[in-house]
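Encoded as structure tokens, the structure appears first; notes follow it.
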Amino acid sequence: MEDPLRVEVRATGEVLQRAFSTLVAGFPAGGQTISGMARYLGVTKSTTQRLVEGLRAADPVAAVRAFPGSKGLRRIVDAARGQSMPEPHCAAAMQAVDGLDRLLLKGGGSKARLLNQLDDARRFQGRRQATEADRRALAQAAGAVLANHSEARLSIRVVRADPSDPQQWTLRHMATGHIGMRRAAGARPQIGSHQITIANTAVLNAPPRLLEDFTTPNTQLETLRDDRMALGELQYRLRPPVAPGEPFDYIADIGGPLRVEHPARSENRQLVAGVFVDSPTNTLIMDLFVEPSLLPGAVPGVDVLPGHEILRRPLGRDEHEQWPHQVTPLALGRALQHPTSKQWAPLLNLERQLFKGWALDPNQFIGYRLEARYPIFSALYAFSLALP
């Protein structure tokens with residue numbers, strides 16, 4: 001079966017080729033070559049070269065790769081109107097560009113991001129992917145063995161430039177938790193951890209702050225003081241507020257913020273946010289919000305890796321390291337105007353409260369979502385934004 005994204009790209013490419021072939025056929029003979037078209041329309045030669053390459057492509061998917069971006073295609077249509085080309089032909093071409101824009105929005109907002117997702121999908125072709133039924137069975141079995149399970153695992157991250165040194169450092173805010181967690185008698189302790197830096201040493205003497213509006217009353221987190229503190233890691237233990245087997249929720253604001261090197265200065269030139277599936281769950285949701293100026297033109301991607309994998313290396317390079325669960329990131333846009341998750345309706349209200357508590361303006365951030373049904377237990381789901 002062909003990947004659904006590739007099917008949609010193919011259909012869009014067919015419409016573009018058909019509409020622009022009809023439009024160009026109306027140009028005078030001298031205006032149908034690359035150089036002649038550039039002179040006739042008053043556009044750059046590189047734009048007409050890409051248009052001709054897209055029209056000549058044997059495969060509609062290859063055509064989408066070759067065609068100019070939507071701005072370049074709109075310039076061609078506007079210039080054709082200026083040359084009094086038939087309006088039905090111009091309108092059809094503009095409608096085809098509108099279709100490309102809708103496709104790009106689904107693919108992350110740019111052609112580069114769309115093609116990156118398409119390439120990611122191709123990497124998995126021919127390899128067996130775990131079906132949702134497979135993953136559900138694994139989550140249920142792991143939950144029975146470990147005597148704990150949740151309806152949803154949440155992680156919300158915000159990354160911004162450090163105002164004190166915006167070219168060198170970023171500040172990262174984070175909240176995390178579980179919804180509908182059930183723990184049977186004798187379940188292993190639920191331990192959480194996060195990094196500590198000079199920018200958030202205040203958390204050394206206290207565990208993360210539980211958000212009362214989204215946490216079952218009487219839930220407790222207690223700090224575990226051990227040698228990991230000296231290594232920059234704080235651990236804390238969850239104290240459930242209910243009898244064994246009863247469901248409860250907890251969302252914790254990790255505090256901080258954590259100070260991390262600017263991704264443009266890192267060896268791999270990418271921002272990575274990972275969630276380790278340390279407890280069986282039905283749904284994993286990670287929303288990541290980033291200042292647009294931090295990573296201009298960044299390409300999003302998702303890797304599913306062994307839980308011990310170190311995130312310092314470039315992601316998406318070694319297919320044999322990928323676990324069999326393909327996840328496509330979703331672009332959320334700005335200002336918390338995106339839909340909430342169908343798997344947990346209060347998510348958007350939680351994010352609004354977090355932005356307010358962190359004294360951050362959501363209009364200054366672009367959001368992305370990684371959402372996976374029945375994530376593979378003990379896998380690391382790593383969302384990356386890679387600079388071109």
Side-chain angles (χ1 to χ4, degrees), residues 1 3-5 117 120-157 176-193 237-238 240 242 244-251 272-288 301-311 315-330 341-345 347 368-384:
M1 179 185 294
D3 176 73
L5 178 62
Q117 290 189 27
D120 278 350
R122 172 164 280 182
R123 286 192 298 128
F124 286 92
Q125 283 186 345
R127 299 175 56 205
R128 182 184 182 279
Q129 290 297 297
T131 65
E132 183 171 305
D134 292 335
R135 301 192 310 273
R136 181 172 60 247
L138 176 61
Q140 291 172 346
V145 170
L146 299 176
N148 74 82
H149 184 273
S150 70
E151 292 298 322
R153 167 84 157 89
L154 304 179
S155 180
I156 296 94
R157 319 281 183 94
T176 185
H178 285 269
I179 302 300
M181 174 167 272
R182 296 175 185 265
R183 297 174 55 78
R188 66 183 177 88
Q190 184 74 22
I191 305 295
S193 66
R237 182 198 305 265
L238 173 69
V242 295
E246 294 296 317
F248 66 97
D249 305 337
Y250 78 93
I251 301 294
V272 181
V275 179
F276 175 52
V277 185
D278 59 347
S279 180
T281 186
N282 289 348
T283 302
L284 171 65
I285 305 171
M286 179 172 68
D287 282 2
L288 173 66
V302 176
D303 291 80
V304 182
L305 304 164
H308 63 270
E309 188 61 52
I310 298 174
L311 292 179
L315 299 183
R317 299 292 187 268
D318 300 314
E319 295 181 32
H320 67 277
E321 294 180 349
Q322 300 284 334
W323 281 18
H325 188 186
Q326 185 180 351
V327 182
T328 300
L330 174 67
S341 170
K342 293 180 180 179
Q343 305 302 326
W344 192 59
L347 178 59
Y368 302 89
R369 175 170 295 164
L370 183 166
E371 184 165 308
R373 285 289 282 168
Y374 304 106
I376 299 172
F377 172 63
S378 81
L380 177 70
Y381 284 71
F383 181 90
S384 61

Evaluation steps, side chain to side chain contact (heavy atoms under 4.5 Å, CB included), between Leu370 and Leu284: CA-CA 8 Å; Leu370 183 166; Leu284 171 65; 4.1 Å; yes
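Nearest heavy-atom pair across Arg157 and Ala273 is NH1-CB, 3.6 Å. Contact detail for Gln343 and Arg373: the closest heavy-atom pair is OE1-NH1, 3.1 Å. Contact detail for Ala372 and Tyr381: the closest heavy-atom pair is CB-CE2, 4.1 Å. Scanning both residues, Glu371 and Ser341, for their nearest heavy atoms gives OE1-OG, 3.1 Å.
Residue Asn282 forms a side-chain hydrogen bond (donor to acceptor under 3.5 Å, both in side chains) with just one option from His149, Arg136, Arg153, and that option is His149.
Remark: side-chain polar atoms of Thr281 are paired, donor with acceptor, to backbone N or O of Ser150 under 3.5 angstrom. Formation of a donor-acceptor pair under 3.5 Å by the Arg135 side chain with backbone atoms of Ile376 is not found in this model. Side chain of Arg183 to main chain of Val242: no donor-acceptor pair is present (N/O by atom type, distance under 3.5 Å, no hydrogens or angles).
Side-chain contact between Leu238 and Met181 is present, with at least one heavy-atom pair separated by less than 4.5 Å. Taking 4.5 Å as the limit, some side-chain heavy atom of Ile251 sits within range of a side-chain heavy atom of Ile179. The shortest distance between side-chain heavy atoms of Thr283 and Trp344 does not fall below 4.5 Å.
No side-chain N or O of Tyr374 forms a donor-acceptor pair with one of His325 less than 3.5 Å apart.
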